[in-house]
Amino acid sequence: MSTEDRPPAPRSLAEALRGRDDVSLGALLRSRPDLITPVPTDLTQLATRAGTRASVVRALERLDRFTLQTAEALAVAADPATYDEVLGLMAGDDADPAVAQALPHALGVLREQALVWGGDDRLRLVRTARELLAPSPQHPSPTGLGPTVQEATAGMSPGRIQEIVTAAGLPSTHDSVSAVTSLTGLFTDRRRMAALLAEAPADSLDVLERLVWGPPYGQVTADPAPRLRWLLDRGLLLPTAPGTVVLPREVALHLRRGLAHRTPEPVPPAVEAAAVHRPQVVDSTAAGQAYTALATVEELLKDWDEGGPAVLRAGGLSVRDLKRTAVALDVPEPVAAFWVELAYAAGLIAPDGEADERYAATPAYDEWLELPAAERWSRLVTAWLPATRTPGLVGGRDAKDRTLSALGPGLDRSAAPEVRHRVLALLAGLPEGAAPAAESVLARLRWERPLRGAQREDDLRSRLAEWALSEGEMLGVTGRGALSAHGRALLGAPAAPAKSPEAEPSGPGDKLPVHHRPTQIPTLSAAEQAVASAAAARLLTPLLPEPLDHVLLQADLTAVAPGPLRRPLADTLGVLADVESKGGATVYRFTPGSVRRALDAGQSASDLHAFLAAHSRTPVPQPLTYLIDDVARRHGHLRVGAASAYVRCDDDAVLNEIIADKRAAGLGLRRLAPTVLAAQTDPAGLLEGLRAMGFAPAAESAEGDVLITRAHAHRTPPRTAPEPVPDGPPVPDATLLAAALRAIRAGDLASTTPRKPGTAPEINGELPRTGSAETLATVQAAVLTGEALWIGYVNAEGAASQRVIAPIRVEGGFVTAYDHTADEVRTYPLHRITGVAELADDAG
């Protein structure tokens, strides 16, 4: 293309955006969704918003390390800079080929996100980004470079500048500007600069070596040492304040051989496999963990079935209740906090809303229990993936030095879902069965989102990544550290690479180095996630153990369940016996108390004998038969009812035995009749007291019938699961993006259409202002002539916009017109039109 045919270079970011097509603008709005919240009226407003400090900071925080290094290099380059200048700063005099290969992609990302604009011959970093990244005494640059010679000598006297020029071996000049230019030319000339430094004393060069990679500032006394005096006389160190000197940027770049950064990192660190297992071993291990996860959540909810711990006044669980829950689940407290938070995220537990508020299972828990095991697992992991609540923070302190409690406020971290998804995506990029080294995963994440400023003190992303790895293992998404087949399906990830974790993909990134293309797993929509979860459940189903309908009874009053039991069997056995140990096989122990519990629940001795005979693969041991019969024979022999409380028994000898027992002294018993005793305690206390004495009393109603006692399942009213806290505005979908682009283009067309001189405001974006009579007359005239008009319009919500319309008719206080910006016929109330202006004759 000849120079005459080449389009003129953009003079501003708005002009650069105006030259983009819809695909490029759409990429900008997807990468920076805060720019369309709300939708800008035109491209000028979009450019203004893209340059605001908050938006630029957010965009910089989402750059990978090399792209950020490129932006930092632009901040210390000339404004504007050429591509070759930036390449020199990034690749140095040695022209690192990896840097040269990666730089076009980095600049492309910066351009796409509107942080850089202009062609390769005039690259400009947006002003706000330059202010954030350029070096200053208050905010040193990450490059370690200081100010330029021109900046450092801004307040220096002309005489002193001439002295420095002369000492450096340069001819004196007539003014300071030319003197500074001459000194800058010396420092940027590799050959002449090398000759100057060859004359420097060795200890002076040592001073430069200490400052060359930053910080570039040093302290001097009023009478500097000879090694410092030699540098100060030649401008190799320049004073910036009393007692402070700085190494000029040009000098530092010469000593660095042109490098803006000590270690450019064009290639992300590879995620290394620490171990490789057979895929079948990974999947079976992950399935075992998935089954354990289901059992743990069920045990937690069973423990809270009659009403869980009280809700703290500030919200959440108390430390004591968390410890109690950890003991009940036989896990450490941090792990117990994870299971509690997971059940909460899945909507299985919630506060009950009563005056004495407690945590309890929700109605959704009962529905969840009825699902097949694999579907129950998919419900849990589908709640885990997007959750922003972070159990790993439990026990820490918030900004006000208050302890963060499980289920309490302050645990949301909006970055958690993105980090979790990214960690699993990195695992998906490894070959099947490969488990990564945790440190290599953290190093990769730090490259993809480098820490800036205060973030280095609190590396939250690394902690979130470590928690994601451990939580994924506990849930069975991974097995032995490697991503399982059902975990891969859950992400909607493609098949694992067969040989290398950095397999060659195809697409726009093919020209990049292999390691520069991180594995990209798309974020799924709600519908896509449902499909992926169903696929994961199908893969997991054959790996989970089938529920059994039998146990193995043993002569030592125990029953062994060699696997998971079907729900009716597990529920009944859980009442009839106590769990003694868990693991691959669960051991239940029968005791007089557990048998009495079953009898209290309405079972008879014959029912229990029939139940055991039907579900045991071994004969029912004689000791167990005797235990059931013995407890049943004594069960209900004593009857406790409400008077305040009484005991009645047909055998007065038993009552005599109770009264004579010293342990009954606290019950306040006295005889009312040969077969009835009255007590000064309530029925529940009397039942417990008699059971502690070795009796098996039964409670009875006012009518004398035996009361059947079953666990009372306490449920909350219907509750919805907690909503994740978004990490900024959501990425716009295709429909919203198309509508936003159309509105921005329309507004830009209206704001940039030529107007007749003297009829429109001079500043783009300002609405035309005319009186109502003038507006009506101009619109009526346009109906007759068929001319188009430029109008300002304020809608019912108060949003102002500019439009180009061709009026068709005016009646009843409304104008009907063809709206060129919307490409359709619309009707506008005249009172909402702020003003009109005629378009120039060549506006078309």
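In this chain, residues are counted from 1 in sequence order.
- Comment: Arg62 does not engage Glu418 in a salt bridge, judged by the lack of any side-chain N to carboxylate O separation of less than 4.0 angstrom.
- Residues passing the side chain to side chain donor-acceptor pair (under 3.5 Å) test with Glu131 are Arg127, sequence neighbours excluded.
- Contacts of Arg53 classified as salt bridge (Lys or Arg N to Asp or Glu O under 4.0 Å), with partners at least two apart in sequence or in another chain: none.
- Atom CG of Asp223 has 12 or fewer heavy atoms from other residues, nucleotides or ligands within 6.0 Å.
- Evaluation of the salt bridge (Lys or Arg N to Asp or Glu O under 4.0 Å) rule for Arg192 yields Asp189 as partners, not counting sequence neighbours.
- Around atom CD of Glu151, more than 12 heavy atoms belonging to other residues, nucleotides or ligands sit under 6.0 Å away.
- Partners of Arg420 according to the salt bridge (Lys or Arg N to Asp or Glu O under 4.0 Å) rule, which considers only residues two or more places apart in sequence or in another chain, do not exist here.
- In terms of modelled atom types and a separation under 3.5 Å, the side chain of Ser141 and the main chain of Thr143 share a donor-acceptor contact.
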Side-chain donor-acceptor contacts of residues 205-214 below 3.5 Å, not counting sequence neighbours, with atom names and distances?
none

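- Between the side chains of Thr82 and Asp121, not a single donor N or O lies within less than 3.5 Å of an accepting N or O.
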Give the intermediate values and the outcome of salt bridge (charged side-chain N to carboxylate O under 4.0 Å, His left out) for residues Arg422 and Glu448. CA-CA 10 Å; Arg422 189 66 195 125; Glu448 293 179 356; 2.7 Å; yes
Arg461 and Glu466: CA distance, side-chain angles, deciding distance, salt bridge (charged side-chain N to carboxylate O under 4.0 Å, His left out) verdict: CA-CA 9 Å; Arg461 285 180 62 84; Glu466 292 170 349; over 6 Å; no
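- Within the structure, side-chain hydrogen bond (donor to acceptor under 3.5 Å, both in side chains) pairs that include any residue of residues 152-176 comprise Arg160-Glu163, Gln162-Thr173, Thr173-Ser178, Asp175-Ser178 (at least two apart or interchain).
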Salt bridge (charged side-chain N to carboxylate O under 4.0 Å, His left out) between Arg65 and Glu72: does it pass, once the steps are laid out? CA-CA 10 Å; Arg65 189 183 302 280; Glu72 292 164 353; over 6 Å; no
Take Asp93 and Arg256 through the salt bridge (charged side-chain N to carboxylate O under 4.0 Å, His left out) test and state the conclusion after the steps. CA-CA 9 Å; Asp93 294 347; Arg256 296 179 178 196; over 6 Å; no
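- Counting only N and O atoms by type, the side chains of Arg18 and Thr44 include a donor and acceptor under 3.5 Å apart.
- Looking only at atom types and distance, the side chain of Asp64 has a donor-acceptor partner in the side chain of Thr67 under 3.5 Å away.
- Checked by atom type, the side-chain pair Arg32/Ser55 shows a donor-acceptor distance below 3.5 Å.
- A donor-acceptor pair under 3.5 Å is absent between the side-chain atoms of Ser204 and the main chain of Ala200, judged by distance alone.
- The environment of CD in Glu85 is crowded: more than 12 heavy-atom neighbours from other residues, nucleotides or ligands sit within 6.0 Å.
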